[in-house]
2 protein chains.
Amino acid sequence: MYESWPLASIAAVAATLAPFRSIAAEHGNAPLYRQAKRALLEAIEDGRCPPGRALPAEAALAAALGVSVGTLRHAVDELVADHVLVRQQGRGTFVATHSSDRFLFQFFHVEGRDGRRELPQVNLLSFERERLDDEAASALALRAGAPSVAIENVLLLQGRPVVHDRLVLPASLFKGLTEKRLRERPGTIYQLYQSDFGITVLRASERARAVAADRHTARALQLAPGTPVMQVRRIAQTFGDRPVEYRLSTIDTSRHDYVHLLSRPGGGA
Amino acid sequence: MYESWPLASIAAVAATLAPFRSIAAEHGNAPLYRQAKRALLEAIEDGRCPPGRALPAEAALAAALGVSVGTLRHAVDELVADHVLVRQQGRGTFVATHSSDRFLFQFFHVEGRDGRRELPQVNLLSFERERLDDEAASALALRAGAPSVAIENVLLLQGRPVVHDRLVLPASLFKGLTEKRLRERPGTIYQLYQSDFGITVLRASERARAVAADRHTARALQLAPGTPVMQVRRIAQTFGDRPVEYRLSTIDTSRHDYVHLLSRPGGGA
DNA sequence: CCCAATTTGTTCGTATGTATA
DNA sequence: TTATACATACGAACAAATTGG
């Protein structure tokens with residue numbers, strides 16, 4: 001108890017603990033662990049705890065929040081299941097980042113007939129500032145005509161064009177996004193959202209249908225117009241289910257499949 | 001402690017506890033809660049604990065297995081996440097059954113443009129005993145030529161034909177399945193698997209692509225041949241990832257979408 | 001309608017094991 | 001090796017939902 005602590009480490013602990021205040025004041029009827037979850041979520045959402053940052057150790061964090069370690073663990077368990085946090089035994093608990101692996105497994109669903117999955121090579125076709133049409137506006141929960149950025153990509157797998165993407169982003173959330181910045185990003189586009197705009201994509205919902213390829217996408221995918229292709233509309237969401245991206249993907253499924261696993265993501269028997 | 005217990009209730013508790021033996025003998029290096037999970041899983045898989053049956057109360061079950069309540073809860077937590085068990089506060093913990101709701105939310109992904117989801121009306125088109133072709137054999141992890149049952153259905157939504165299904169089942173797992181029994185089932189087909197053959201579908205994986213409708217399915221869906229349709233290949237699995245059903249669905253997506261949520265199924269705050 | 005018994009849900013605290021730096 | 005972090009396991013108490021008398 002009465003050991004001599006270096007002043008530096010006291011300061012460091014205090015600093016990492018700073019974003020978290022006790023939740024004793026809260027007197028809602030929600031369970032304590034939910035309140036703890038909310039407190040953590042808010043710290044992450046506000047940017048007080050940016051992606052990649054390690055949370056304080058369980059014992060310290062529990063003390064800071066004014067709950068027991070078990071209760072804190074319950075809260076963290078749920079945030080891990082939500083892909084908001086990542087735990088590593090012996091290292092710590094970290095705010096999740098958009099690694100290429102995560103992108104591949106959570107958000108990219110196109111793979112070869114043989115089941116091989118591969119990070120696509122992305123070619124930018126166009127970058128435009130536009131006004132939202134009705135469809136995109138409704139998907140993004142904004143009014144039609146609001147300023148937006150429209151991005152067109154072709155995704156190549158094993159050198160062949162397989163997916164044509166048209167992304168629509170609310171300009172209000174992506175201030176300062178330029179074509180240059182988009183071209184020069186090192187990782188996936190969701191990593192760019194996170195690092196440059198503080199937007200973390202947590203969930204998405206997709207609606208797929210089969211249509212005949214129109215001339216524009218047919219050319220992009222080097223197909224005959226009228227070829228059956230899959231059209232996937234994605235709404236990507238961040239904290240609080242707020243939509244941040246609307247995407248229309250057109251997939252040439254002559255050599256690839258759109259895969260969907262119907263189980264829990266956590267996995268593990 | 002020394003209250004008088006009715007003999008009947010002692011017998012009842014003993015009976016519900018019978019399927020579970022202590023796991024103290026196990027000396028694997030897996031965590032205790034995993035061993036407990038395995039023990040529960042085996043009891044369920046063997047049919048000692050059939051679907052719908054309530055597990056013994058946590059305290060009793062923990063004692064029977066020789067672990068603490070907390071450890072048992074950890075095991076049950078995972079089985080709930082796996083859709084193997086269902087908990088209800090104040091009532092008990094039950095072996096999951098295939099309700100219509102579960103079917104709709106976990107295994108049926110077609111919904112109207114407006115997002116409305118509806119239990120389809122199923123019309124049986126054909127019921128045949130066949131030999132497995134290469135594709136179905138590989139999907140079911142059996143040898144080509146093995147005996148099987150092939151079922152063809154048309155699914156109607158709001159009175160219109162929307163999905164054409166071709167199911168292939170290994171005859172070895174569905175002994176005694178007849179067309180009459182299939183026609184007269186009260187619920188979903190997965191409920192029939194469970195009630196009549198002791199097969200619980202836990203997971204499935206689907207691979208989708210867009211193709212031009214062939215003459216056969218075009219007629220079934222009242223479409224012009226060549227219309228773009230979605231083709232979905234499903235492999236449904238039971239415990240231990242053993243495949244039990246191969247299904248080729250063809251979907252008319254002119255008024256409906258195939259939906260896919262990219263998040264965790266458990267949901268929550 | 002309320003009461004009492006039963007069952008899961010939440011919260012606490014502590015001790016020990018295991019992976020990492 | 002040592003210190004730190006998360007992982008596992010135990011036990012106890014009370015809260016909340018359900019059921020049946």
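To find a chain, count down the sequence lines: A is the first, B the second, and so on, and within it residues start at 1.
Heavy atoms of A:Ser68 sit under 4.0 angstrom from at least one base atom. When heavy atoms are screened at a 4.0 angstrom cut-off, B:Gly92 is found touching the sugar-phosphate backbone but no base atom.
When the side-chain nitrogen and oxygen atoms of B:Arg91 are compared with OP1 and OP2 of C:dT8, none of them lie within a distance under 4.0 Å. Look at A:Thr71 and you won't find any side-chain N or O under 4.0 angstrom from OP1 or OP2 of C:dT10.
For the pair B:Leu17 CG and C:dT7 P, the interatomic distance rounds to 11 Å; values are reported in whole Å. Rounded to an integer number of Å, the gap from A:Arg73 CZ to C:dG13 P is 16 Å. Protein atom CG of B:Asn29 is 15 Å distant from nucleotide atom P of C:dG17, rounded to whole Å. Between the C1' atom of C:dT16 and the CD atom of A:Gln89 lies a distance of 13 Å, rounded to the nearest Å. Here C:dT10 presents its P atom at 15 Å from NE2 of B:His74, a figure rounded to the nearest Å.
One finds a salt bridge joining B:Arg87 and B:Glu58 here, because a Lys/Arg side-chain nitrogen approaches an Asp/Glu carboxylate oxygen to under 4.0 Å. A salt bridge links B:Lys37 and B:Asp82; the closest N-O separation between the charged side-chain nitrogens and carboxylate oxygens is under 4.0 Å. Remark: B:Arg207 engages A:Glu111 in a salt bridge, criterion side-chain N to carboxylate O under 4.0 Å. A:Glu78 and A:Arg34 are joined by a salt bridge, as a carboxylate oxygen and a charged side-chain nitrogen come within less than 4.0 angstrom of each other.
Taking the six-membered ring for Trp and the full ring otherwise, A:His98 and A:Tyr193 have centroids separated by 6.0 Å or more.
Between the side chains of B:Glu206 and A:Tyr258, no donor-acceptor pair is found at a separation under 3.5 Å.
For DNA chain D, the contact window with chain A, defined by any atom under 4.0 Å from a protein heavy atom, covers D:dA5 to D:dT8 in 5' to 3' order.
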